[in-house]
Amino acid sequence: MSGNNVGEKVDASNTLNSKNISLPMSRVKLIMKSSPDVSSINQDALFLTTKATELFVQYLAQCSYKNGSGKEKNTLAYSDLANAAEESETFQFLTDILPKKILARDYLRSLEERREEGDD
C-alpha cells in the first residue's frame with residue numbers, strides 16, 4: 001500500500017466516526033472555546049471530547065434510569081438525575097448542577113430553622 005492509501009483510509013475512518021456521534025460537534029467546540037485557556041482545538045481532540053461527553057451522558061442516564069422511579073412508565077425524570085447525582089459517588093460533582101427540587105415553602109422553612117439555630 002502506498003502512503004496515499006493509508007491517508008485515505010484514515011479520512012474514511014474519520015468520516016465513519018463522525019457519523020457515530022449524536023451530539024453536535026459545533027456545540028461542543030463552542031463550549032470548549034468558551035474557556036479562556038483554550039486557543040485552538042484539534043479536530044481529533046474535538047471528536048474525542050464529543051464522543052466522551054456522549055458516553056458520559058449515556059452512562060448518567062442509564063444509572064439514573066436503573067435506580068429511578070420511572071421504570072414502570074419507561075421514563076427518566078429530572079428527579080432521577082438529581083438522585084443519581086446526590087447518591088452516587090461517581091456523580092457527586094454534579095450536585096450543584098442537578099440539585100434536588102424543593103418547594104419554596106420548604107426552602108423558606110429550612111431558612112427559618114437555620115436562623116433560629118443561629119440565634120441560639
Side-chain angles (χ1 to χ4, degrees):
M1 266 189 193
S2 69
N4 289 342
N5 289 343
V6 173
E8 289 171 9
K9 284 191 175 193
V10 170
D11 290 342
S13 116
N14 282 342
T15 304
L16 290 174
N17 286 339
S18 65
K19 290 180 182 179
N20 292 333
I21 58 173
S22 300
L23 295 176
M25 287 179 41
S26 60
R27 182 65 56 101
V28 174
K29 185 175 185 177
L30 184 67
I31 293 168
M32 290 172 73
K33 282 195 164 199
S34 70
S35 171
D37 299 332
V38 175
S39 58
S40 65
I41 301 167
N42 179 312
Q43 281 300 105
D44 291 336
L46 175 61
F47 172 78
L48 291 173
T49 302
T50 303
K51 189 63 179 176
T53 303
E54 184 177 299
L55 292 172
F56 172 76
V57 171
Q58 286 175 352
Y59 181 66
L60 172 61
Q62 288 171 348
C63 289
S64 300
Y65 178 77
K66 183 174 69 175
N67 299 318
S69 59
K71 279 186 176 178
E72 302 83 33
K73 299 177 190 175
N74 204 23
T75 60
L76 181 63
Y78 176 88
S79 59
D80 298 330
L81 295 167
N83 286 337
E86 187 172 294
E87 295 169 7
S88 171
E89 195 173 312
T90 304
F91 302 120
Q92 200 77 61
F93 72 98
L94 293 173
T95 53
D96 292 338
I97 297 168
L98 293 168
K100 282 192 169 186
K101 288 186 178 180
I102 183 171
L103 295 175
R105 69 173 177 259
D106 295 337
Y107 178 71
L108 294 173
R109 188 179 314 123
S110 71
L111 281 179
E112 197 61 38
E113 290 171 1
R114 288 182 190 168
R115 281 190 207 133
E116 290 173 4
E117 289 174 4
D119 292 341
D120 291 343

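Below, each value reflects all heavy atoms present in this structure, side chains not excepted, and no hydrogens, waters or symmetry copies. Being a predicted model, the structure only gives us computed values, none of them experimental.
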In this structure, would [X] and [Y] fall into the same cluster of hydrophobic residues linked by side-chain contacts under 4.5 Å?
{"X": "I102", "Y": "L111", "result": "yes"}
{"X": "L55", "Y": "M32", "result": "no"}
{"X": "V38", "Y": "F47", "result": "yes"}
{"X": "L48", "Y": "I31", "result": "no"}

On a heavy-atom basis, which atom in [X] and which in [Y] lie closest, and how many Å separate them?
{"X": "S69", "Y": "D80", "answer": "N-OD1, 3.0 Å"}
{"X": "P99", "Y": "A82", "answer": "O-CB, 3.8 Å"}
{"X": "Y78", "Y": "I97", "answer": "OH-O, 4.2 Å"}
{"X": "Q92", "Y": "E86", "answer": "NE2-O, 3.4 Å"}
{"X": "F91", "Y": "L60", "answer": "CZ-CA, 3.7 Å"}
{"X": "L94", "Y": "A85", "answer": "CB-CB, 3.9 Å"}

| message | So for atom OH, which belongs to Y107, do other residues, nucleotides or ligands contribute more than 12 heavy atoms lying within a distance under 6.0 Å? | response |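 No - once you tally the heavy atoms of other residues, nucleotides and ligands closer than 6.0 Å, there are 12 at most.
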| request: Kindly check if the number of other-residue, nucleotide or ligand heavy atoms within 6.0 Å of OH (Y59) is above 12? | output: no
Nearest 0.5 angstrom please: [X] [atom1] to [Y] [atom2], how far?
{"X": "R109", "Y": "R114", "atom1": "CZ", "atom2": "CZ", "answer": "13.5 Å"}
{"X": "I41", "Y": "M25", "atom1": "CD1", "atom2": "CE", "answer": "10.0 Å"}
{"X": "S40", "Y": "K33", "atom1": "OG", "atom2": "NZ", "answer": "8.0 Å"}
{"X": "Q62", "Y": "K66", "atom1": "CD", "atom2": "NZ", "answer": "8.5 Å"}

| query | In this structure, which one of T50, T49, N42 forms a side chain to side chain contact (heavy atoms under 4.5 Å, CB included) with L46? | reply |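 Among T50, T49, N42, the one that satisfies the side chain to side chain contact (heavy atoms under 4.5 Å, CB included) with L46 is T50.
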| So does E112 pair up with R115, basic N to acidic O under 4.0 Å? |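 Answer for the salt bridge query: yes.
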| message | For K51, is there an ion pair with E54 - N to carboxylate O distance below 4.0 angstrom? | response |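 Looking at E54 and K51, the cut-off is met.
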| task | Give a yes or no answer on whether the side chain of N83 reaches the backbone of S79 with a donor-acceptor pair at less than 3.5 Å. | result | yes
